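By convention here, the first residue in the shown sequence is residue 1. It should be emphasised that the depicted structure is a prediction, and the values quoted were computed from it without experimental measurement.
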Amino acid sequence: MRTTDPFAYREPAKMRRRAMSMLVAAATFIAEGAFAAPATASSSFTFDASPEPVKKGAYVTLSGRGVADAEIDFYFKADGKSTWVYQNYTRTASDGRYSRRQAQNNSGTWKAVEWYGEDAQGPSRTDHVQVRGVQLPGVVTHYGGYYATVKPSSFDPSTTTPWWFTGVRWTRLTATAGAAVGTMHVNDCEPDCADGKYRTERVTLTFRRVRSHHGAPVFTEFRVDNDPYWTPLTPNN
């Protein structure tokens, strides 16, 4: 569910639960003494958002290192705003490293916060990233996918339609439309799709109807050759 900020998402329910657990934990700390964070939790926590600058709608990589198996929450504050807005999270690997990509549409500051459980907040770090230029639209290459790829060489538009496309070569790409040629693989479904045979055919592809998908511009419709029917590419996630 989006906030009034077109770039950000509302903080999930787990964050509200965490806030409540922190209040309970605070009362416990007063009664029983302060919580001792892991010995390895210190200024060794690192964070970087790159590239800098980034095009509007393109992905930044949020990465760094902390303690092993910790949750890292990411927040964003657009320039001129006073509120940090929760974006997403990831977990650190066994060596403490973490990484996640997020689309960025406004210049602003990213913040990574390390957690050692539901009620134990660790250190945080920030990094400012400027937006310059505009990212061209991409395609979510697998049905229900999160990320988009600009000029993908293959894509699978559905889990129910027995077809996909490979060897895609883009001949035109603008902020509102795209064109390519590629190889279509399609099941003839004879006598039924389970027992059918796949055939391949070289086709032209046209893309249109750009929308935002988790902050990134994506095409949501395409058609094969001059077919009057436009096939939805609307992402499911």
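At distances below 3.5 Å, not a single donor-acceptor pair connects side-chain atoms of Asn106 with backbone N or O atoms of Ala78. Not one N or O on the side chain of Thr149 forms a donor-acceptor pair closer than 3.5 Å with the backbone of Pro152.
In this structure, CZ on Arg97 lies 4.0 Å from CZ on Arg65, to the nearest 0.5 angstrom. For the atom pair OG1 (Thr166) and CG (Asp156), the distance works out to 11.0 Å, reported to the nearest 0.5 Å. Expressed to the nearest 0.5 Å, how far CH2 of Trp84 lies from OG of Ser124 amounts to 8.5 Å. Expressed to the nearest 0.5 Å, how far NE2 of His128 lies from CG of Asp79 amounts to 3.5 Å. The CE atom of Met184 lies 10.0 Å from the OG1 atom of Thr204; values are rounded to the nearest 0.5 Å.
Dense packing is recorded around CZ of Arg202, with more than 12 heavy atoms of other residues, nucleotides or ligands lying under 6.0 Å away. More than 12 non-hydrogen atoms from other residues, nucleotides or ligands lie less than 6.0 angstrom from CZ of Arg91.
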Could you walk me through whether Phe165 and His185 satisfy the ring pair (Phe, Tyr, Trp, His ring centres under 6.0 Å) test, starting with their C-alpha distance in whole Å, then the side-chain angles of each, then the deciding distance to 0.1 Å, before giving a yes or no?
CA-CA 6 Å; Phe165 300 85; His185 305 255; 8.3 Å; no
Which is it for Trp163 and Phe222 under the ring pair (Phe, Tyr, Trp, His ring centres under 6.0 Å) test, yes or no, and what are the steps along the way?
CA-CA 14 Å; Trp163 65 345; Phe222 81 104; 5.8 Å; yes
Check the pair Trp164, Tyr198 against ring pair (Phe, Tyr, Trp, His ring centres under 6.0 Å), reporting the backbone distance first and the verdict last.
CA-CA 10 Å; Trp164 69 91; Tyr198 279 92; 5.1 Å; yes
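Val54 and Tyr59 make their closest contact through CG2-O, 3.9 Å (heavy atoms, listed as atom of the first residue, atom of the second, distance).
Taking the six-membered ring where the residue is Trp, Phe47 and Tyr98 present parallel rings, their angle staying beneath 30° rather than reaching 60°. Ring geometry for Trp170 against Phe219 counts as parallel: the plane angle stays under 30°, on a 0 to 90° scale with 60° as the upper cut.
Proximity of the aromatic rings of Tyr146 and His214 is defined here by a centroid distance below 6.0 angstrom, and this criterion is met.
In this structure, Arg209 is not positioned above the aromatic face of Trp230 in the sense of NZ or CZ being under 6.0 Å from the six-membered ring centre and within 45° of the axis.
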